[in-house]
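Following: one structure in structure tokens, then a few remarks.
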Amino acid sequence: MTPISQNKMFGGIQSVYAHRSDANDCDMRVAVYLPPQAEHGPCPALVWLSGLTCTEENFTVKAGAQRVAAELGLILIAPDTSPRGDHVPDDKDSYDFAKGAGFYLDATQGPWANNYQMQTYIRDELTAWMLANFPIDKNRIGISGHSMGGHGAITLHLKNPQLYKTCSAFAPITSPSQVPWGQKAFKGYLGENKTDWAQYDATQLVQSPSQANILIDQGTDDNFLTEQLCPEIFADACAKFGQATTLRLQKGYDHSYYFIATFIEDHLKHHKDGLG
């Protein structure tokens with residue numbers, strides 16, 4: 001690990017580290033909050049996946065999660081949203097593709113396949129790094145995220161329920177194959193064959209439901225609600241296939257971190273209750 005910063009906060013320590021990712025062929029940055037309880041033994045952990053254009057800093061600075069995490073004894077792990085570095089290919093004309101928009105999948109199309117292996121990074125490398133360096137109970141890990149990160153959280157949970165025991169999301173992209181953000185990312189990273197898209201589409205993956213209750217908060221004044229998010233499609237699929245899901249429509253809230261900060265306590269308690 002290469003430490004970038006470290007600050008005491010609510011009796012615990014908020015840090016940022018850099019570490020090597022072989023999957024993405026670059027150094028990745030990760031924010032880690034260790035609550036005071038981590039000094040005395042293993043704690044449950046929550047992996048937070050951020051949305052388009054974000055880095056590890058957005059959740060760490062804006063969500064206000066550390067106070068509640070300190071009370072609950074919950075370790076917070078917030079990685080970056082994509083590979084970084086001058087050698088990493090980018091699309092400078094797009095905010096919703098390439099750097100800052102890894103979509104938590106493993107790209108198969110050039111030139112992205114050489115670096116954009118975010119599913120492997122989050123699931124395999126980040127997990128191994130977390131467990132090797134911090135007092136995390138490997139049997140008590142949850143996952144959450146916002147927007148693109150909500151997409152990543154739900155898909156990674158549904159595909160790896162034995163690893164991520166609990167799941168929640170804020171304004172997630174749950175049917176990416178049917179909305180512009182997801183279609184653009186899938187075509188670029190995976191190609192035109194829509195069969196390849198299904199493995200990263202929560203509405204498709206929920207046909208094999210998990211045992212967890214997925215908590216979703218969605219603001220009714222979210223500018224992206226009707227065009228990009230469409231939570232009702234996912235909710236209908238959950239009802240059809242028996243996936244326990246709590247979808248809460250929060251009146252007047254938008255897509256911002258003001259929205260996330262308002263309800264983050266509910267989500268952290270959801271994970272702590274589920275993880276025991």
Side-chain angles (χ1 to χ4, degrees), residues 7-16 30-51 54 56-79 81 104 122 126-127 130-131 134-154 156-157 160-161 163-172 210-219 231 244-250 253 255-276:
N7 301 92
K8 189 162 187 177
M9 192 176 190
F10 296 109
I13 300 295
Q14 177 65 63
S15 303
V16 177
V30 188
V32 178
Y33 179 70
L34 295 178
Q37 296 87 336
E39 296 180 7
H40 308 293
C43 294
L46 177 65
V47 177
W48 173 271
L49 305 181
S50 292
C54 292
E56 79 290 339
E57 184 177 38
N58 295 72
F59 177 75
T60 306
V61 174
K62 297 180 179 180
Q66 293 92 340
R67 176 187 61 81
V68 181
E71 294 174 2
L72 298 177
L74 190 62
I75 294 173
L76 303 177
I77 309 289
T81 56
Y104 304 105
I122 297 293
L126 182 67
T127 301
M130 287 162 43
L131 296 176
F134 304 102
I136 293 172
D137 184 340
K138 66 179 181 179
N139 296 312
R140 294 195 293 162
I141 300 174
I143 193 165
S144 185
H146 172 227
S147 194
M148 177 186 72
H151 143 76
I154 296 173
L156 282 163
H157 163 70
N160 307 278
L163 173 59
Y164 304 110
K165 301 292 200 310
T166 56
C167 182
S168 74
F170 289 84
S210 76
Q211 298 300 309
N213 177 37
I214 301 174
L215 172 62
I216 297 175
D217 272 318
Q218 174 63 63
T245 302
T246 300
L247 172 60
R248 308 192 306 184
L249 298 178
Q250 304 292 1
Y253 285 90
H255 200 70
S256 72
Y257 265 84
Y258 297 111
F259 162 54
I260 294 171
T262 302
F263 298 104
I264 191 65
E265 182 169 354
D266 291 352
H267 284 245
L268 297 187
K269 289 180 176 177
H270 168 80
H271 288 278
K272 182 61 187 297
D273 290 345
L275 295 171

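Hydrogens, waters and symmetry mates play no part in the numbers below; they use all other heavy atoms, side chains included. Fair warning: this is a prediction, and the values are worked out from it, not measured in the lab.
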Taking all heavy atoms of [X] and all of [Y], pick out the closest pair and write down the distance.
{"X": "C167", "Y": "H270", "result": "O-NE2, 3.2 Å"}
{"X": "D217", "Y": "F259", "result": "O-CZ, 3.5 Å"}
{"X": "L247", "Y": "Q218", "result": "CD1-CB, 4.4 Å"}
{"X": "L275", "Y": "P44", "result": "CD1-CB, 3.9 Å"}
{"X": "H271", "Y": "S144", "result": "NE2-CB, 3.8 Å"}
{"X": "F59", "Y": "S50", "result": "CB-OG, 4.1 Å"}

What's the verdict on side-chain contact (heavy atoms from CB on, under 4.5 Å) for L74 and C43, showing C-alpha distance, side-chain angles and the deciding distance? CA-CA 6 Å; L74 190 62; C43 294; over 6 Å; no

Y33 and N7: CA distance, side-chain angles, deciding distance, side-chain contact (heavy atoms from CB on, under 4.5 Å) verdict: CA-CA 10 Å; Y33 179 70; N7 301 92; over 6 Å; no

Under 3.5 Å, is there a donor-acceptor pair between the side chain of [X] and the main chain of [Y]?
{"X": "H157", "Y": "Y164", "result": "yes"}
{"X": "Y257", "Y": "V61", "result": "no"}
{"X": "T81", "Y": "C54", "result": "yes"}

Are [X] and [Y] close enough that some pair of their side-chain heavy atoms sits under 4.5 Å apart?
{"X": "L163", "Y": "T127", "value": "yes"}
{"X": "P42", "Y": "I136", "value": "no"}
{"X": "K62", "Y": "I260", "value": "no"}
{"X": "L156", "Y": "I154", "value": "no"}
{"X": "Y104", "Y": "I122", "value": "yes"}
{"X": "P172", "Y": "H151", "value": "no"}
{"X": "I77", "Y": "L126", "value": "yes"}
{"X": "T246", "Y": "I214", "value": "no"}

For the residue pair [Y] / [X], report whether a side-chain donor-acceptor contact shorter than 3.5 Å exists.
{"X": "T245", "Y": "N213", "value": "no"}
{"X": "S147", "Y": "H255", "value": "yes"}
{"X": "S168", "Y": "H267", "value": "yes"}

With side-chain contact (heavy atoms from CB on, under 4.5 Å) as the test, would you mind laying out the steps for L49 and M148 before giving the verdict? CA-CA 8 Å; L49 305 181; M148 177 186 72; over 6 Å; no

Side chain to side chain contact (heavy atoms under 4.5 Å, CB included) against A31, all qualifying residues, sequence neighbours excluded: Q14, V16, E56, T60, A78

About how many Å separate CD1 of I264 and CD of Q66, when rounded to the nearest 0.5 Å?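 CD1 of I264 is found 9.5 Å from CD of Q66.
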
Among F263, Y258, F170, ring pair (Phe, Tyr, Trp, His ring centres under 6.0 Å) partner for Y253: F263

Please collect all salt bridge (Lys or Arg N to Asp or Glu O under 4.0 Å) contacts where either partner lies in residues 65-74, sequence neighbours excluded, each pair once. R67-E71, R67-E265

F10 and V68: CA distance, side-chain angles, deciding distance, side-chain contact (heavy atoms from CB on, under 4.5 Å) verdict: CA-CA 9 Å; F10 296 109; V68 181; over 6 Å; no

